[in-house]
Amino acid sequence: AWFLLPLLPLAPALAFAAMVVPQVVYETDFDTLSLGPTQPAPGDPGQDGWYKHAGAPPAFGEVQSSIAHGGRALAEHTTVENASGSQTIDVRPLTPVDLAGVTRMTLSVDFYAHTSDTALVNSYRADLSVKGGPHPGFEILGLRLFSGNGAAKDADRVDVQLQMFNGVDNNGPIPLAVGQDLAWDSWHSLTLVADQAADTWVSLTVDGITEDLTGNLLPRSNDSGVWKRGQRMEQLLAQIVPTDWPNGDQSDDDVYWDNLSITVVPEPLSLTLVGSTLLLAALLRRRAAG
């Protein structure tokens with residue numbers, strides 16, 4: 001194999017090209033962002049592109065340091081004075097990512113959920129999701145924190161919820177064992193992995209415990225009666241939603257997000273093409289030298 005000797009210096013590069021290397025789409029610990037309420041688009045220049053999309057006073061979102069998993073965190077608040085269903089929403093645009101050449105997508109975040117009265121039975125709901133195209137609004141990746149809904153929130157505590165497509169005409173909840181019955185007023189760490197190319201959730205890890213989700217179809221969005229899978233990352237959306245209950249229960253609710261990251265992994269084919277290009281170049285140099 002004497003003719004391969006000139007390729008030996010390229011071995012590290014070829015090995016690197018064959019690796020599955022995550023690419024960071026967005027990452028922040030919020031620690032360098034300016035303190036204070038989020039502002040309408042385009043937002044406070046010191047808050048890294050985060051802006052207030054919705055939030056009727058006295059509800060609001062803010063970058064604050066009172067409750068954070070180190071440094072600062074994004075917080076969203078709502079109160080009993082807010083109408084049921086009126087979201088507090090903060091958005092952060094992303095440099096668009098075409099998912100046609102992507103396999104794995106990972107969303108990681110630390111979260112802290114608070115409600116003013118855990119004896120109440122109204123629902124607690126907070127969401128974090130990656131949205132995008134074919135036109136803005138399609139759900140790419142997303143999670144929900146949920147409690148109450150007719151049961152006292154101290155009994156329910158907080159559950160992580162994920163959606164899967166039923167294969168026909170709607171999304172529905174995935175029965176989860178991980179991320180359930182989580183403590184209020186405590187930090188929890190979550191990592192969510194999906195495979196865009198294979199159209200399946202991969203795993204959910206909460207506080208170091210992982211559940212395999214392979215086989216659950218990724219959620220779709222209804223586009224004029226046609227259920228479609230999102231194909232492009234365009235923005236991050238974080239929200240909390242006030243809810244009441246027929247008996248009059250309604251609470252002040254808060255959610256805190258910290259140490260947030262989104263990564264994608266290109267399909268192995270694109271990496272193999274890089275390796276093949278390097279190999280071809282080396283062979284051509286060998287031939288020219290001969």
Ion pair check, Arg92 and Asp90, cut-off under 4.0 Å:
no
Hey, can you tell me if His188 and Phe111 have their rings parallel, tilted or perpendicular (30° and 60° cut-offs)?
tilted
What side-chain donor-acceptor pairs closer than 3.5 Å can you find for residues 131-139, not counting sequence neighbours?
residue, atom, partner, partner atom, Å
Lys131, NZ, Glu139, OE1, 2.8
His135, NE2, Asp223, OD1, 3.3

Residues Arg72 and Asp31 bridged, charged N to O under 4.0 Å:
no
Once rounded to the nearest 0.5 Å, what's the spacing between atom OG of Ser65 and atom CG of Leu33?
12.5 Å
Quick one: side-chain contact (heavy atoms from CB on, under 4.5 Å) partners of Ala126, sequence neighbours excluded?
Tyr124, Leu145, Ile240, Val255, Trp257
Salt-bridge test for Asp98 and Arg232: reply yes if a basic N is under 4.0 Å from a carboxylate O, no otherwise.
no
With sequence neighbours excluded, tell me which residues meet side-chain contact (heavy atoms from CB on, under 4.5 Å) with Glu62.
Phe60, Gln64, Ala75, His77
Across all chains, not counting sequence neighbours, the ring-ring contact (aromatic ring centres under 6.0 Å, His included) partners of Trp245 are none
Between Ser251 and Thr115: side-chain donor-acceptor atoms closer than 3.5 Å
yes
Could you work out, with side-chain contact (heavy atoms from CB on, under 4.5 Å) as the rule, every residue matching Asp44, not counting sequence neighbours?
Ser34, Gln39, Gln47
Whether Tyr112 and Tyr256 hold their rings parallel, tilted or perpendicular, with breakpoints at 30° and 60°:
perpendicular
Listed by chain and number, what are the side-chain contact (heavy atoms from CB on, under 4.5 Å) partners of Val80, not counting sequence neighbours?
Gln250, Asp252
